[in-house]
Amino acid sequence: MGKEITSRSEDYSQWYIDLVKKADLAENSDVRGCMVIKPYGYSIWEKMVEALDKMFKDTGHVNAYFPLFIPKSFLAKEASHVEGFAKECAIITHYRLKNAEDGSGIIVDPDAKLEEELIVRPTSETVIWNSYKKWIQSYRDLPILINQWANVVRWEMRTRLFLRTTEFLWQEGHTAHATKLEAEKETRLILDVYADFAENFMAMPVIKGMKSEGEKFPGAVDTYCIEAMMQDGKALQAGTSHFLGQNFAKAFDVQFAGKDGKLDYVWGTSWGVSTRLMGALIMAHSDDDGLVLPPKLAPIHVVIVPIFRTEEELAKISEKANQIAGALRKQGYSVKFDNRDTHKPGFKFAEYELKGVPVRIAIGPRDLENGTVEVARRDTKEKMIIKLDDVVAQIPALLDSIQTTIYQKALKFKGEATTKVDSYDDFKKVLDGKGGFVLAHWDGTSATEAAIKEETKATIRCIALDAEEENGKCIYSGKPSARRVVFARAY
RNA sequence: CGGGGCGUAGCGCAGCCCGGUUAGCGCACCACGUUAGGGACGUGGGGGUCGGAUGUUCGAAUCAUCUCGCCCCGACCA
């Protein structure tokens, strides 16, 4: 067969790419750095979108849509923003093609040059704040709490399926507020939403924290993030929430009249998560048999595999299978009855394990005789014989248990992959050994951060919000530090 | 843009150094039969301008020159 995936220990990157392809999630496009998300992969993304969208709406946000194209002049208005994105923009310079006069094919019509180039959005702060300027006059117009689901383009040098692609899907929230405090609360509220989603839907524990000066979003005052730990000991930034201060309001001249009649600049936030979460989900839980999906994000909760030789047997099994499927669907579960006669049961078992379906029910002649079914859970590979009449009643608790077990396993792993160190030697030793999060003292300077990055490839993932006050010495410079920060090598 | 590598069937590859019938293998695909509680087996079959161009030669997947494309490492990566 060609379905075996590389063992995880050999080369994690290769294993990850193999798995993405074998589980039918996505593939490289012929377009440079771009990705085709296949139906199964997209169905998982849809589950994420559905859950996140509800969480945003439950916290007072609404969806809208802004243009794909950003005039070059917009992007230039916020100095650090343009500096941060300038090197990775796709730029539209012309709007027409024509036949080459020498008959060599289609060429760009030089007469169709745009007066002002358009940038394919790498993020939408500028185009959105340009609208907000028109929408906001008074404190009565605030707050504005908008989210958009969109695609963006960042022309990165190197790409990797889901983790970093030239074009990717995401949501970006952009809010405007009358007070600094309110904007700061919004930033933190969204951070909590992201952490909640990561932990309760993705079953992936995260560290909530703040980015250092060197790692923050271009144009932000503060960048908060959630950082997750992958099974190879590398960290992955899974979501960011930015407090923009009045930077974009000033850049786009967005002022409002307060209750006292005085003009002030609006306070802003922006925040986003992307299809990179798919990569996180895969690398957080999968094993050598394939994906392990938490039930809350699984497109198929339960697959029923019949074991039969003859049409008659299949007919009898189908009757039972359809009863089970019908009853479960009535409760809102997604059930697939795979009655294909073109593949053998063993093939199907392996296929659904590869795809991470949480629960498999097998029904064969033996079960018909005994009035039982075989139930197998994907996370632990445990198999149980359950009475046919009880199975429907037991599935909800089983799915809950799988969700919890996957989370607990990841939490345990994150704990084991987190190490406190007090010397630079130990720091390097841990990074080169098991990797993971390394908690160490840092003097707070960008120079030290850059030097450590240069020497070890480890970056400050964040300053954890729950970091305890603890006097210590910077592992690099020996200067005093008030708390440990989270270092790791990262994707 | 530096360093390395690769373009041969849908996918993964061998063949190339040392030129020689009809270009091969695994997987996948199609047909038939036997199978079916953990990725079946047998037999038969279909599928290729060997990335492209030019050259050398009686003869090029193989040698030379040019060219196009892709991958990996580095630089880059809110």
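Keep in mind the model is a prediction, meaning the values are calculated, not measured. Each chain gets a letter, A, B and so on, in the order the sequences are listed, and its residues count up from 1.
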For RNA chain B, which residues of residues 73-90 of chain A approach it to below 4.0 angstrom with any heavy atom? Phe85(A), Glu88(A)

Please verify the inter-ring angle class for Trp129(A) with Tyr132(A); under 30° counts as parallel, over 60° as perpendicular, anything in between as tilted. perpendicular

Across the strands shown, which category fits Pro365(A) at heavy-atom distances under 4.0 angstrom: base, sugar-phosphate, nothing? base

Over how many whole Å does the gap from Lys453(A) atom NZ to A75(B) atom C1' extend? 12 Å

Got a donor-acceptor pair under 3.5 Å from the side chain of Glu351(A) to the base of G39(B)? no

Between Gly214(A) and Lys381(A), name the one whose nearest nucleotide on RNA chain B is closer to the 5' end. Lys381(A)

Side-chain ion pair, Glu117(A) and Lys72(A), N-O less than 4.0 Å: yes

Determine the interatomic distance between P on C76(B) and the same-named atom on C29(B); round to the nearest Å. 46 Å

Could you work out the separation of G12(B) and G55(B) based on their P atoms and round it to a whole Å? 33 Å

The side chain of Ala362(A) is closest to which nucleotide in this list: G39(B), G37(B), C77(B)? G37(B)

Measure from NZ or CZ of Lys133(A) to the centre of the six-membered ring of Phe252(A), then state whether that distance is under 6.0 Å and the direction lies within 45° of the axis. no

Tell me what Tyr224(A) touches on the nucleic acid: a base, only sugar-phosphate, or nothing, going by heavy atoms under 4.0 Å. nothing

Quantified in whole Å, what is the C1' atom distance between nucleotide G24(B) and nucleotide U65(B)? 29 Å

Between U56(B) and C6(B), how many Å separate the two P atoms, rounded to a whole number? 28 Å

Quickly work out the Glu353(A) CD to G38(B) P distance and round it to whole Å. 12 Å

For RNA chain B, please output the secondary structure as dot-bracket, reading 5' to 3'. Pairs are Watson-Crick or G-U wobble, both atom distances under 3.5 Å; mark crossing pairs with [ ], other-strand partners with |, unpaired with a dot. ((((((((.[[[[.)....(...]]]].((((((.....)))))).....[[[[[..)....]]]]])))))))....

Between P on C77(B) and CZ on Arg461(A), what's the gap in Å once rounded to a whole number? 13 Å

Taking atom C1' in both C18(B) and C63(B), compute the distance separating them and give it to the nearest angstrom. 11 Å

Please tell me whether Thr269(A) and Thr175(A) have a donor and an acceptor in their side chains that are separated by less than 3.5 angstrom. yes

Using only heavy-atom distances, decide whether a donor-acceptor pair under 3.5 angstrom links the side-chain of Lys383(A) to the base of G38(B). yes

Should Lys208(A) and Asp192(A) count as an ion pair when the cut-off is N to O under 4.0 Å? yes

Quick check, are the ring centers of Phe243(A) and Trp271(A) under 6.0 angstrom apart? no

Looking at the side chain of Ile307(A), which of A36(B), G39(B), C77(B) is the nearest nucleotide? A36(B)

With respect to the phosphate group of C77(B), does any side-chain polar atom (N or O) of Arg164(A) fall under 4.0 Å of OP1 or OP2? no

Expressed in whole Å, how much space separates the C1' atoms belonging to U57(B) and C72(B)? 37 Å

Are Phe487(A) and Phe437(A) close enough that their ring centres sit under 6.0 Å apart? no

Scan Lys216(A) against the nucleic acid and name what it touches under 4.0 Å (heavy atoms): base, sugar-phosphate only, or nothing. sugar-phosphate

If I take atom NZ in residue Lys348(A) and atom P in nucleotide U35(B), what distance separates them, rounded to the nearest angstrom? 19 Å

Between Arg360(A) and Glu351(A) (salt bridge meaning N to carboxylate O under 4.0 Å), is one present in this structure? no

Specify the separation, in whole Å, of atom NZ of Lys22(A) and atom C1' of C27(B). 11 Å

Distance in angstrom units between Phe217(A) CZ and C77(B) C1', rounded: 14 Å

Charged N to carboxylate O below 4.0 Å: is that the case for Lys38(A) and Glu27(A)? yes

Lys355(A) with Asp289(A): basic N within carboxylate O range, under 4.0 Å: no

Base, sugar-phosphate, or nothing: which does Arg360(A) touch, judged by heavy atoms less than 4.0 Å apart? base

If we take the P atom in both G26(B) and G44(B), what is their distance in whole Å? 13 Å

I'd like the P distance from A31(B) over to G46(B), given in whole Å. 15 Å

How do Lys457(A) and Arg276(A) order along RNA chain B: which one's closest nucleotide is nearer the 5' end? Lys457(A)

Salt-bridge criterion met for Lys348(A) and Glu353(A) (N-O under 4.0 Å): no

Atom CG of Asp338(A) and atom P of G38(B) are separated, to the nearest Å, by 16 Å

Going by the angle between their ring planes, with limits at 30° and 60°, are Trp170(A) and Phe168(A) parallel, tilted or perpendicular? perpendicular

Rounded to the nearest Å, what distance is computed from the CG atom of residue Leu161(A) to the C1' atom of nucleotide C71(B)? 13 Å

If you only use heavy atoms from C-beta on, which nucleotide in A75(B), G38(B), G37(B) is closest to the side chain of Met157(A)? A75(B)

